[in-house]
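Notes follow the structure.
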Amino acid sequence: KNEVEQSPQNLTAQEGEFITINCSYSVGISALHWLQQHPGGGIVSLFMLSSGKKKHGRLIATINIQEKHSSLHITASHPRDSAVYICAVHRSQGNLIFGKGTKLSVKP
Amino acid sequence: EPEVTQTPSHQVTQMGQEVILRCVPISNHLYFYWYRQILGQKVEFLVSFYNNEISEKSEIFDDQFSVERPDGSNFTLKIRSTKLEDSAMYFCASSGINRGGSEQFFGPGTRLTVL
């Protein structure tokens, strides 16, 4: 069983749509990351959360520690948001465990 | 803005050969990591490094792998005798003070192809 589960695996949206990507985890964590992986392979850190909610531009990330669940929202989606979005959790010992990622495609 | 760099961007090698992947972490960071991503699969943790020694390693990081910080700037991953299944993208990352809860900054990756 994967310790970090993401849904959906693939997501196609029209430009302007509101997007939600979900992440559930089963281990004790000290923090959760949302990462963006571009088609070329590079990984960019979007958020690191240990509680509550964070916002950066059109991106919003929330985490519910009790329910072991996090969501990444994208408002007013744009084709340049097309990428793989990865949820990764810091186990209490420190190393990251990654989800399989959600491939987002935003159509103009 | 400081960034993690990796060289080479792409390495092609013959099975059984040794390869060294190089990383330059962000200069004031204290924790260093290597991850790999086999094509089409999720990113996997290999090893973390702090204070000139391995702090944690995964089952993947067997005796064929080693890491080193040979000077004050470089952080290297060596694979002694490459296998076909070592073909993957290898990412280096670094973080600042708190290993358990500090943002990690990733390099652009090295694509290793073992023939």
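Residue numbers start from 1 in every chain, and the chains themselves are labelled A, B, ... in the order their sequence lines are given, proteins ahead of strands.
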For this session: May I ask whether A:Leu104 and A:Val4 are part of the same hydrophobic cluster, defined by side-chain heavy atoms of I, L, V, M, F, W, Y residues being less than 4.5 angstrom apart, directly or through others?
Result: yes
Exercise. Do A:Tyr85 and A:Leu49 belong to the same hydrophobic cluster, where Ile, Leu, Val, Met, Phe, Trp and Tyr are linked whenever their side-chain heavy atoms lie under 4.5 Å apart, directly or via other members?
Worked result: yes
So how far is it from [X] [atom1] to [Y] [atom2], rounded to the nearest 0.5 Å?
X       : Y       : atom1 : atom2 : value
B:Met89 : A:Gln37 : CE    : CD    : 7.5 Å
B:Phe45 : A:Ile97 : CZ    : CD1   : 10.0 Å
B:Tyr35 : A:Phe98 : OH    : CZ    : 5.0 Å

Hey, are the side chains of [X] and [Y] touching, using non-hydrogen atoms and a 4.5 Å cut-off?
X        : Y        : result
B:Glu103 : A:His90  : no
A:Val44  : B:Phe106 : no
A:Met48  : B:Gln104 : no

Check this for me: [X], atom [atom1], are more than 12 non-hydrogen atoms of other residues, nucleotides or ligands nearer than 6.0 Å?
X       : atom1 : answer
B:Asp71 : CG    : yes
A:Glu67 : CD    : no
B:Lys83 : NZ    : yes
B:Lys57 : NZ    : no
B:His10 : NE2   : yes

Seminar exercise, completed: Whatever's closer than 4.5 Å to a heavy atom in chain B on A:Ser50 counts as neither
Exercise. Which bit of A:Leu35 is near chain B, if near means a heavy-atom gap under 4.5 Å: side chain, backbone, both or neither?
Worked result: side chain
Exercise. In terms of heavy-atom proximity below 4.5 Å to chain A, should B:Gln41 be classed as side chain, backbone, both, or neither?
Worked result: neither
